[in-house]
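This report refers to the structure that appears directly beneath it.
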Amino acid sequence: MPKNNEFFDEVYQVVRLVPKGRVTTYGAIGKFLGSAKSARMVGWAMNNSHHQLPPLPAHRVVNRTGVLTGMHHFSNNNSMAELLKKEGIEVIENQIVNFKKYFWDPSENLGLQP
DNA sequence: ACCATGACGTTTC
DNA sequence: CGAAACGCCATGG
């Protein structure tokens with residue numbers, strides 16, 4: 001059983017703060033938490049996110065290339081891409097189009113929030 | 001205690 | 001420019 005460190009909670013918080021129609025990356029979250037080198041831990045935390053209530057919008061979290069690498073961890077593989085499309089994000093073959101445009105950086109938004 | 005794996009990212013060849 | 005290797009940290013066998 002994984003330890004419930006605040007690291008996990010922070011990850012979940014950031015993911016929940018991602019606005020609709022936006023996406024963030026594991027690296028960005030890790031960097032925001034101060035563990036930029038440990039992007040893997042963010043992904044690992046997300047794997048544990050299945051325990052969290054309510055279910056996290058994990059479909060808004062992708063890798064730095066904008067590929068829906070985590071879709072295999074969803075109940076239904078299509079749900080992740082479908083949810084993103086539903087929010088106005090164009091997704092083709094698990095690849096977000098104009099990913100940079102939809103990218104939402106917590107450090108820029110939470111840190112410089114007016 | 002060691003090796004292998006992972007929803008990643010950066011650097012090197 | 002594309003592929004491979006390395007680094008990071010934690011978990012499981």
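Numbered from 1 within each chain, the chains take letters A, B, ... in sequence-line order.
When rounded to the nearest whole Å, the span between CD of A/Gln52 and P of B/dA7 equals 18 Å. For the pair A/Arg64 CZ and B/dT11 P, the computed distance is 10 Å after rounding to whole Å. The CG atom of A/Leu84 sits 18 Å away from the P atom of B/dA7 (whole-angstrom rounding). If you measure from atom CE of A/Met41 to atom P of C/dC9, you get 9 Å, rounded to the nearest angstrom. Taking atom CG of residue A/Asn48 and atom C1' of nucleotide B/dT5, one finds them 17 Å apart after rounding to whole Å. Distance CG (A/Asn94) to C1' (B/dA7): 13 Å, rounded to an integer number of Å. In this structure, A/Ile29 places its CD1 atom 21 Å from P of C/dC8, rounding to the nearest Å. A/Arg60 places its CZ atom 22 Å from the P atom of B/dA7, with the value rounded to the nearest Å.
Nucleic acid contact for A/Ala45: none, since no nucleic acid atom lies under 4.0 Å from a heavy atom of the residue. Here A/His50 lies in heavy-atom contact (under 4.0 Å) with a base. Contacts of A/Asn63 with the nucleic acid, taken as non-hydrogen atoms under 4.0 Å apart, involve only primed sugar atoms and P, OP1 or OP2.
Proximity note for A/Trp44 (side chain, C-beta onward) versus C/dT11, B/dC8, C/dC9: the nearest is C/dT11. Residue A/Ala39 has its side chain nearest to B/dC8 when only B/dA7, B/dC8, C/dC9 are considered.
Hydrophobic clustering (side-chain heavy atoms under 4.5 Å, transitive across Ile, Leu, Val, Met, Phe, Trp, Tyr) groups A/Phe103 together with A/Val91.
Taking 4.0 angstrom as the limit, A/Thr25 places none of its side-chain polar atoms (N or O) nearer than this to OP1 or OP2 of B/dC8.
When atom types are taken as modelled, the side chain of A/Thr25 and the backbone of A/Ala28 share a donor-acceptor pair closer than 3.5 angstrom.
Not a single donor-acceptor pair, N or O on each side, falls under 3.5 Å between the base of B/dG9 and the side chain of A/Arg40. Side-chain atoms of A/Ser49 and base atoms of B/dA7 include a donor and an acceptor less than 3.5 Å apart.
More than 12 heavy atoms of other shown residues, nucleotides or ligands fall within 6.0 angstrom of atom NZ in A/Lys85.
Between C/dG2 and B/dA7, the distance separating the two C1' atoms is 24 Å to the nearest Å.
Each of A/Arg16, A/Lys20, A/Met80, A/Arg22 was evaluated against A/Arg60; a single residue qualifies, A/Lys20, per the side-chain contact (heavy atoms from CB on, under 4.5 Å) test.
A centroid separation of 6.0 Å or more is found between the aromatic rings of A/Trp44 and A/Tyr26.
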